[in-house]
Amino acid sequence: MLLRIPPTSRRLALIGLACLGTQSVLVPQSIGNAKEQSVLEQADDASGETYSLKHSLQPGQTLRYEVTHVAKTKTRINGSEEIANVHTKSNRAWTVAEADDSEMTFDHSIESVAMTQQSGDADEVQWDSTTGEEPPKIFSVVASQIGTPLATVTINKQGQEVRREDHAGSKSSLGMGTLALALPDKPVKIGESWAVPSEIQARTEDGFVKQIKIRQLYTLKKVKAGVATLSVKSETLTPIEEESLRAQVIQQLSNGTLRFDVDNGYLLSKELIWDESVVGFQGPGSMMEYRAKMTEELLPEDSSTSVASKKKKSQR
């Protein structure tokens, strides 16, 4: 039985949904509450200064982020080529219900989204939730979940999920990273690294599901004016010999840069980039190229323009 990569348009829809934190099929399976390993690399910083990186959310606080995801996938099989593009911009929110010295509980929701998708010779499909227009069928799942909590999540100071109640969607990320940034359990110096293990699923050519072990390697690059800059790089621990598996895995790995507010204890921004090619994923005459970028930026407190918020105000 030969592996069949999903049609490009369907695969892009799945990636768009994962970017929003909603339902998907190719789902990385994080190891539940897995603690990050001790610091793996020693720092080159001669000063020896250490920094304590911890999440610190406050009851009643709402953090809003603008997430932009742009991806281009080119596949070539036996001389036939198809190019597909997706562009998604959304506003997501963490609404903090409870917080103490050890744990923080918040509702995660999507407040608005604008999506564009085009595959091969098919017409471009667009939808913007703020217009009030009926969504195309391919975006119907996203539309049904806007303005309602996708999950209620409790994390500790290191960003590990202590409890999670999913109301809609799933834990899927497809390389976008977990909801909360994974932080070390002890102070670190500039140049030091820590790792978080996880697993992702891929389907073999004979139809079986294979668990691929990976780790996210984080490194503290610098700290300036209370803002820590970190790099993240996914490393595959399970040997991958089949190109058909590699084609599925590359889209689910995280590589990029993050900025964290050390003083206030929350993520400021994230930028992840993919630039990957796989030759022979469906025979010697096949090739897949994947180019993508995802950015996430914290919005000012007074910038909420979501449909959900407008509805609440109109009902008062």
> More than 12 heavy atoms of other residues, nucleotides or ligands under 6.0 Å from NZ of Lys293: is that the case?
Replying inline: no

>> Show the nearest heavy-atom pair for residues Trp274 and Gln251, with the distance to one decimal.
In response: NE1-O, 3.8 Å

> With sequence neighbours excluded, what pairs up with Gln61 under the side-chain hydrogen bond (donor to acceptor under 3.5 Å, both in side chains) test?
Replying inline: none

> Considering residues at least two apart in sequence or located in another chain, which fulfil the side-chain hydrogen bond (donor to acceptor under 3.5 Å, both in side chains) criterion with Thr105?
Replying inline: Thr154

>> Please tell me whether His108 and Tyr65 form a close aromatic pair, meaning their ring centres lie under 6.0 Å apart.
In response: no

> Tell me, do Gln216 and Ser234 make a side-chain contact under 4.5 Å, heavy atoms counted?
Replying inline: yes

> Hey, is Lys189 close enough to Glu192 for a salt bridge, meaning N to O under 4.0 Å?
Replying inline: no

> Ion pair present between Arg64 and Glu111, side-chain N to carboxylate O less than 4.0 angstrom?
Replying inline: yes

> After noting the C-alpha distance and the side-chain angles of Val188 and Leu53, does the key distance pass the side chain to side chain contact (heavy atoms under 4.5 Å, CB included) rule?
Replying inline: CA-CA 8 Å; Val188 291; Leu53 308 178; 4.3 Å; yes

>> Going by the rule salt bridge (Lys or Arg N to Asp or Glu O under 4.0 Å), which residues pair with Arg259 if we only count those two or more places apart in sequence or in a different chain?
In response: none

>> Is it the case that the side chains of Thr152 and Asp107 hold a donor-acceptor pair, with the cut-off being a distance below 3.5 Å and no angle test?
In response: yes

>> Checking the side chain of Trp127 only, and the main-chain atoms of Ile138 only, is there a donor and an acceptor separated by less than 3.5 Å?
In response: no

>> So Gln248 and Arg203, do their side chains get closer than 4.5 Å, heavy atoms only?
In response: yes

>> Could you go through Leu267 and Leu298, starting from their C-alpha distance and side-chain angles, then the distance that decides it, and tell me whether this counts as side chain to side chain contact (heavy atoms under 4.5 Å, CB included)?
In response: CA-CA 7 Å; Leu267 181 73; Leu298 180 69; over 6 Å; no

>> Hydrophobic cluster membership, with links at side-chain heavy-atom distances under 4.5 Å among I/L/V/M/F/W/Y: are Leu268 and Phe260 in one?
In response: yes

>> Can you tell me how the ring of Trp94 sits relative to the ring of His55, calling it parallel under 30°, perpendicular over 60° and tilted otherwise?
In response: tilted

> Which atom names give the shortest non-hydrogen contact between Gln211 and Thr238, and what distance separates them?
Replying inline: O-OG1, 4.1 Å

> Which other residues belong to the hydrophobic cluster containing Met287, where Ile, Leu, Val, Met, Phe, Trp and Tyr are joined when side-chain heavy atoms lie under 4.5 Å apart, directly or via other members?
Replying inline: Val279

> What closest approach, in Å, do Gln58 and Ser56 show between heavy atoms, and which atom pair accounts for it?
Replying inline: NE2-OG, 3.5 Å

> Is the CG atom of Asp121 crowded by more than 12 outside heavy atoms at less than 6.0 Å?
Replying inline: no

> Quick one: does Val162's side chain get under 4.5 Å of Ile155's, heavy atoms only?
Replying inline: no

>> Please evaluate residues Asp185 and Gln160 with respect to the criterion side chain to side chain contact (heavy atoms under 4.5 Å, CB included), reporting the C-alpha separation (whole Å), side-chain torsions for both, the decisive distance (0.1 Å), and the verdict.
In response: CA-CA 10 Å; Asp185 56 3; Gln160 299 165 354; over 6 Å; no

> Going by heavy atoms in the side chains, are Ile240 and Ile212 under 4.5 Å from each other?
Replying inline: yes

> Is the closest side-chain donor-acceptor distance between Ser80 and Asn78 under 3.5 Å?
Replying inline: no

> Which heavy atom in Leu220 sits nearest to a heavy atom in Ala228, and how many Å separate them?
Replying inline: CD1-CB, 3.8 Å

> Just wondering, are more than 12 heavy atoms of other shown residues or ligands nearer than 6.0 Å to CG in Asp123?
Replying inline: no

>> So for atom CD, which belongs to Glu235, do other residues, nucleotides or ligands contribute more than 12 heavy atoms lying within a distance under 6.0 Å?
In response: yes

>> Can a side-chain donor-acceptor contact be found between Glu124 and Gln126 if the only test is distance below 3.5 angstrom?
In response: yes

> Under a 4.5 Å side-chain heavy-atom rule over Ile, Leu, Val, Met, Phe, Trp and Tyr, are Val125 and Val70 clustered together?
Replying inline: no

> With sequence neighbours left out, what residues match Asp275 under salt bridge (Lys or Arg N to Asp or Glu O under 4.0 Å)?
Replying inline: Arg291

> Can you name the closest pair of heavy atoms from Ser144 and Val141 and give their distance?
Replying inline: OG-O, 2.8 Å

>> Test of understanding: with salt bridge (Lys or Arg N to Asp or Glu O under 4.0 Å), list the residues that count as partners of Glu81, not counting sequence neighbours.
In response: Arg76

>> Could you report the tightest heavy-atom contact between Ser277 and Glu289, atom names first, then the distance?
In response: OG-CG, 3.6 Å

> Which is it for Asn91 and Val67 under the side chain to side chain contact (heavy atoms under 4.5 Å, CB included) test, yes or no, and what are the steps along the way?
Replying inline: CA-CA 6 Å; Asn91 282 9; Val67 183; over 6 Å; no

